[in-house]
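Each remark here refers to the structure printed beneath this line.
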Amino acid sequence: MFNPETIKQQFPIFKQKTPLGQDLVYLDNAATCQKPLAVIDRITDFYAKEYGTVGRSSYWPATETTKNYNEVRGKVQRLLNAAHEDEIVFTSGTTDAINKVANSFLRPRLNAGDVVIISEMEHHANLIPWQQICTEKGALLKVIPILDSGELDYEALESLLTNKVKLLAVTGVSNALGIKNDLLRIIKAAKGFEVPVFIDAAQSVAHSEIDVVALHCDFLVFSGHKIYGPTGVGVLFGKRERLREMAPLSYGGGIVKEVTIEAASFQQSPNKHEAGTPNIAGVIGLGAAVDFINEIGYAEISAHTKAITGYALEQLKAMEGIQVIGDVDDRAPVISFVMEGVHAHDLSTFLNEKGICIRAGHHCAQPLMHRLNLMATARISFAIYNTKADIDALIIALKETQAFLS
Amino acid sequence: MFNPETIKQQFPIFKQKTPLGQDLVYLDNAATCQKPLAVIDRITDFYAKEYGTVGRSSYWPATETTKNYNEVRGKVQRLLNAAHEDEIVFTSGTTDAINKVANSFLRPRLNAGDVVIISEMEHHANLIPWQQICTEKGALLKVIPILDSGELDYEALESLLTNKVKLLAVTGVSNALGIKNDLLRIIKAAKGFEVPVFIDAAQSVAHSEIDVVALHCDFLVFSGHKIYGPTGVGVLFGKRERLREMAPLSYGGGIVKEVTIEAASFQQSPNKHEAGTPNIAGVIGLGAAVDFINEIGYAEISAHTKAITGYALEQLKAMEGIQVIGDVDDRAPVISFVMEGVHAHDLSTFLNEKGICIRAGHHCAQPLMHRLNLMATARISFAIYNTKADIDALIIALKETQAFLS
Amino acid sequence: MNDRIKALYQSHILVNAKDTSHQGKLEDATHVLEAYNPMCGDQYTVSLKIVDDVIEKATFDGFGCAISKASTAVLTKQIEGKTLVEIKPFIELFHELVNELSDQSPESLTSDEDLLAFAAAREFPERKVCATLSWEELLLSLRGSMMK
Amino acid sequence: MNDRIKALYQSHILVNAKDTSHQGKLEDATHVLEAYNPMCGDQYTVSLKIVDDVIEKATFDGFGCAISKASTAVLTKQIEGKTLVEIKPFIELFHELVNELSDQSPESLTSDEDLLAFAAAREFPERKVCATLSWEELLLSLRGSMMK
Ligand SMILES: Cc1ncc(COP(=O)(O)O)c(C=O)c1O
Ligand SMILES: Cc1ncc(COP(=O)(O)O)c(C=O)c1O
């Protein structure tokens with residue numbers, strides 16, 4: 001039977017008290033997740049016992065490293081159900097992947113008067129890179145608006161789609177509100193106009209199964225550190241033909257066929273897109289994180305985080321002076337709320353005294369906050385190791401804060 | 001007294017035998033360096049005891065992480081003798097840093113007919129990014145040629161400098177041959193024409209002291225993994241005014257002031273240039289690597305690697321059928337050679353049987369190899385843990401291989 | 001609530017955060033400053049009426065956490081009547097008060113209780129930026145055009 | 001030298017790497033292939049004279065390590081006289097021979113000693129690419145225009 005307490009024991013950070021002597025109640029998983037021992041040990045072993053570079057050596061340990069590195073590509077391929085291993089490219093994170101696709105896929109294909117569509121709930125990472133290139137090229141950035149509930153206005157999307165649209169980039173889940181988007185519907189609509197679709201799955205992969213073939217998206221990206229893996233590593237899935245037709249994501253060693261001062265020719269993907277020495281330890285640690293997820297299984301993970309989210313919503317809604325933002329039935333394990341009379345930052349400082357970690361602010365989604373007329377919210381977000389006891393501790397602390405501050 | 005054997009003991013990988021039961025003789029340090037226990041432990045402790053995100057939280061452990069992360073900036077500032085802490089930007093490596101400066105500094109400043117100067121000995125990473133932008137813009141990429149000795153032709157440089165030159169990018173040390181460039185001379189010449197200078201210090205920082213104020217360079221970059229630090233982290237030094245006038249290196253969260261769908265305004269450097277969740281563990285591990293270097297001290301490091309290099313050169317030159325490439329008095333701890341009748345790749349496979357790691361190939365420097373009329377060389381390169389015994393083992397194995405193969 | 005956090009939010013700060021006496025815009029402002037922390041979104045507009053190098057009136061408008069609001073309220077209250085020359089050391093004193101690395105005790109710096117209350121920020125370095133937000137902006141303006 | 005490495009470079013390979021009998025360019029070539037490994041720089045030009053779907057002559061030119069050179073030499077020697085239809089299974093056999101994941105013993109695949117010598121590459125997966133460089137290029141060409 002699934003037991004979050006035994007899961008928690010696999011995460012060393014929870015074995016100790018916070019500097020103020022509290023148990024750590026970590027509720028900022030949408031920002032970054034804690035790491036299980038299996039991931040930490042894998043990284044340590046890599047550096048201590050088999051460290052080498054990848055891709056161009058015929059000596060141990062580099063041969064071993066290259067094998068292990070490429071095995072992770074297969075693991076990620078299976079995790080996303082991608083059709084080919086060469087559709088998986090390692091980047092240094094979601095932000096990095098988006099910027100690179102913006103530079104190498106969008107820029108050369110975008111002309112004055114063209115259109116790029118995003119949504120009103122995007123994280124700045126899935127907004128500014130596209131925005132800047134639209135500005136540079138004289139193209140238009142259009143927005144799928146949200147309804148008052150926080151959900152996307154799917155009908156509005158349909159009216160935005162034309163033959164001028166060169167890309168549609170949208171998040172799977174709002175990092176600020178936990179709203180889930182109906183990606184199948186969005187992608188189907190976009191495909192009617194042959195619009196390439198880019199999915200920001202930074203908030204999706206930790207909690208729910210992804211199938212890029214069923215989704216039929218052209219690109220999908222996520223970060224290792226949000227799925228129990230190391231920092232500094234991310235994944236770009238790209239359909240084979242997209243990755244082949246694109247210029248390299250960046251230029252350097254390991255990606256070339258022939259180089260002269262005048263010109264360079266390049267290998268095929270994925271090599272082509274991974275210039276320079278990659279974050280080898282990051283990729284290998286990411287492999288351990290994927291194993292960790294697979295061992296528990298998405299069914300258990302989704303069920304658990306859903307249960308915790310439901311429990312937290314219930315408790316929050318029962319409190320006076322708390323307003324949960326976004327009105328949807330089914331949400332990802334992310335809840336934003338405001339406490340009447342108490343600024344989210346003050347709340348966060350108070351909760352920290354109790355060992356409780358929450359996020360306060362605009363969550364890198366200023367246009368969304370603006371639309372909702374909010375300056376800042378408090379956000380809690382859950383992972384596989386969170387328990388009902390965590391929520392209980394939160395609710396007690398919220399009440400104490402309320403009594404003291406408001 | 002400095003003793004490489006006690007140094008070696010600080011590197012866990014040398015405690016075990018290779019899979020073939022040999023002691024590991026690691027001579028591919030120009031590709032990547034092994035990690036001391038202090039660096040490995042720092043990363044482990046970070047993930048196991050104090051993991052959090054950086055920059056926007058008011059809870060432990062994120063507050064602790066933010067403090068530690070920013071302390072590394074100060075460490076790197078002092079390592080390079082930069083004037084200001086905000087002149088240090090973390091990237092995911094040398095290749096990443098070069099691509100980003102090419103996109104964000106060079107691209108908007110380069111026009112048709114302008115000139116960018118590099119040298120004939122550049123690593124592909126310090127060639128292709130500039131080349132591609134020159135091609136895009138109709139600008140010219142010009143090359144400081146090398147002499148037959150392998151040294152740069154400094155006189156030729158002077159004839160290349162004009163007011164049309166928008167950037168000069170050059171490596172401190174040739175990764176293929178170990179040739180050191182006279183950066184002071186190059187930069188002085190460039191400054192006569194107010195040309196910004198970009199230094200690829202990937203092969204420099206592990207072995208020799210760098211002083212960006214004395215050099216007076218505009219940019220300087222290196223990778224953590226080549227200075228005993230983790231993979232996936234690098235440093236971009238940029239003069240304050242350069243970093244301020246440049247667009248962000250990439251776009252995303254944590255770098256903005258205000259964002260609307262139409263436009264974004266940005267914070268000041270270094271924040272401005274570090275979009276998204278950085279490689280936090282990488283930066284923290286890099287801090288431990290800088291500490292490690294400082295504890296030994298550049299004086300000892302330089303003296304030791306110089307002595308090993310001298311010893312290796314002596315032994316190699318005493319062998320029949322070995323030709324060392326590049327004819328200079330003073331070289332970095334990198335030696336390229338060819339063995340008559342034996343291809344470098346076969347040599348590398350043979351040496352691997354003895355636990356000896358060398359690099360074979362074009363070393364990501366095809367234009368240089370072409371100039372020297374070489375298809376592939378064998379390369380050995382040294383770090384602080386290499387000993388004369390390593391060289392002796394190499395020489396014995398080279399002789400055996402020669403007897404068997406040629 | 002433990003003592004650490006009580007000290008930070010002690011009544012002086014909570015009272016000042018709710019004090020509306022200096023809130024609002026000045027019709028006859030000679031200078032208007034925008035204090036903004038992009039990390040958390042706190043944002044204040046400080047209106048000043050400066051006549052003959054004396055700050056005759058100061059008010060503020062905006063939103064943010066209790067700490068930034070209280071510190072802006074205290075700032076506007078306490079600078080009224082000060083000359084531009086007097087303000088710089090006053091802001092520096094405030095910075096010293098909240099600086100966790102200071103070797104001077106808060107009590108040795110001031111006996112004003114509204115100011116002293118912010119010394120608790122020494123325990124919360126990540127909130128220092130809240131305490132100094134508007135003060136910092138005023139200092140920047142002084143360094144810039146305002147002094148001329 | 002240990003047995004592992006001796007097996008890899010056993011005399012058949014070293015002899016074939018130095019065998020110049022099929023080196024050179026064909027004046028009357030009908031097809032010219034370029035086999036190139038960008039990772040290590042090995043590069044061979046294979047010239048074929050194909051008449052009525054039979055490879056009448058095959059030679060090569062270029063440089064690279066002993067393994068890639070020997071394998072290219074063996075390739076050119078052994079495909080002479082074969083029909084295009086026969087070549088595909090022959091190349092597949094060679095791939096199987098060097099495949100470290102194969103469940104077939106080398107001896108069950110062939111008794112040709114020049115070919116068998118490459119089975120030692122099973123122990124050196126990172127060198128498999130050297131052994132198959134020219135073979136792979138020929139296979140690609142067969143899949144492409146050559147068969148038409
Ligand atoms: C001179 C030089 N420049 C650039 C690089 C690229 O460094 P990285 O692979 O860490 O990005 C290297 C290392 O391979 C190098 O030696
Ligand atoms: C939806 C979304 N997109 C993008 C990002 C950026 O991810 P990273 O900071 O790992 O690059 C995040 C996380 O902050 C996110 O939640």
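No experiment lies behind these values; they were computed from the predicted model shown. Numbers restart at 1 for each chain; the letters A, B, ... are given by sequence-line order, proteins then strands.
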Please classify the contact between [X] and chain B as side chain, backbone, both or neither, with a heavy-atom cut-off of under 4.5 Å.
| X | answer |
| --- | --- |
| A:His123 | side chain |
| A:Tyr26 | side chain |
| A:His345 | both |
| A:Arg371 | neither |
| A:Gln34 | both |
| A:Val143 | side chain |
| A:Leu127 | side chain |
| A:Leu24 | side chain |
| A:Pro278 | backbone |

May I ask you to name which of [options] has the most heavy-atom pairs under 4.5 Å with chain B?
| options | answer |
| --- | --- |
| A:Leu141, A:Asp41, A:Asp28, A:Ile356 | A:Asp28 |
| A:Ile13, A:Thr18, A:Val39 | A:Ile13 |
| A:Thr260, A:Thr63, A:Ile98, A:Val283 | A:Thr260 |
| A:Gly355, A:Gly254, A:Ala360, A:Gly253 | A:Gly253 |
| A:Pro12, A:Ser58, A:Gly232, A:Ala264 | A:Ser58 |
| A:Arg359, A:Gln131, A:Glu120 | A:Gln131 |

Selection from [options] maximising heavy-atom pairs under 4.5 Å formed with chain A:
| options | value |
| --- | --- |
| B:Trp130, B:Phe11, B:Tyr59 | B:Tyr59 |
| B:His362, B:Glu262, B:His363 | B:Glu262 |
| B:Pro36, B:Pro230, B:Gly93 | B:Pro230 |
| B:Thr44, B:Ile261, B:Thr349, B:Val256 | B:Ile261 |
| B:Arg107, B:Lys15, B:Glu353, B:Lys226 | B:Arg107 |
| B:Cys33, B:Ser57, B:Ser250, B:Ala281 | B:Ser250 |

Is chain A contacted by the side chain of [X], its backbone, both, or neither, given a heavy-atom distance below 4.5 Å?
| X | answer |
| --- | --- |
| B:Asn126 | neither |
| B:Pro129 | both |
| B:Leu37 | neither |
| B:Phe90 | neither |

Looking at [X] and [Y], what are the two nearest heavy atoms and their distance?
| X | Y | value |
| --- | --- | --- |
| A:Thr95 | B:Gly276 | OG1-CA, 3.4 Å |
| A:Ala31 | B:Thr53 | CB-CG2, 4.3 Å |
| B:Thr32 | A:Gly52 | CG2-C, 4.3 Å |

Answer yes or no: is there a donor N or O on one side and an acceptor on the other, between the side chain of B:Gln366 and the main chain of A:Lys257, under 3.5 Å? yes

Under 3.5 Å donor-acceptor, B:Gln16 side chain and A:Glu50 backbone: no

Evaluation steps, side-chain contact (heavy atoms from CB on, under 4.5 Å), between B:Asn99 and A:Tyr251: CA-CA 7 Å; B:Asn99 276 274; A:Tyr251 298 101; 3.7 Å; yes

We want to know whether B:Thr231 and A:Tyr51 form a side-chain donor-acceptor pair, criterion being a heavy-atom distance below 3.5 angstrom. no

Mark yes when over 12 heavy atoms from residues, nucleotides or ligands other than B:Lys49 sit less than 6.0 Å from its NZ; otherwise mark no. no

Decide if atom NZ of A:Lys67 counts as having more than 12 heavy atoms of other residues, nucleotides or ligands within a radius under 6.0 Å. yes

Mind running side-chain contact (heavy atoms from CB on, under 4.5 Å) on A:Tyr47 and B:Ile43 for me, showing each step along the way? CA-CA 10 Å; A:Tyr47 280 133; B:Ile43 297 169; 3.8 Å; yes

What's the separation between atom OG1 in A:Thr91 and atom CG in B:Asp96, rounded to the nearest 0.5 Å? 10.5 Å

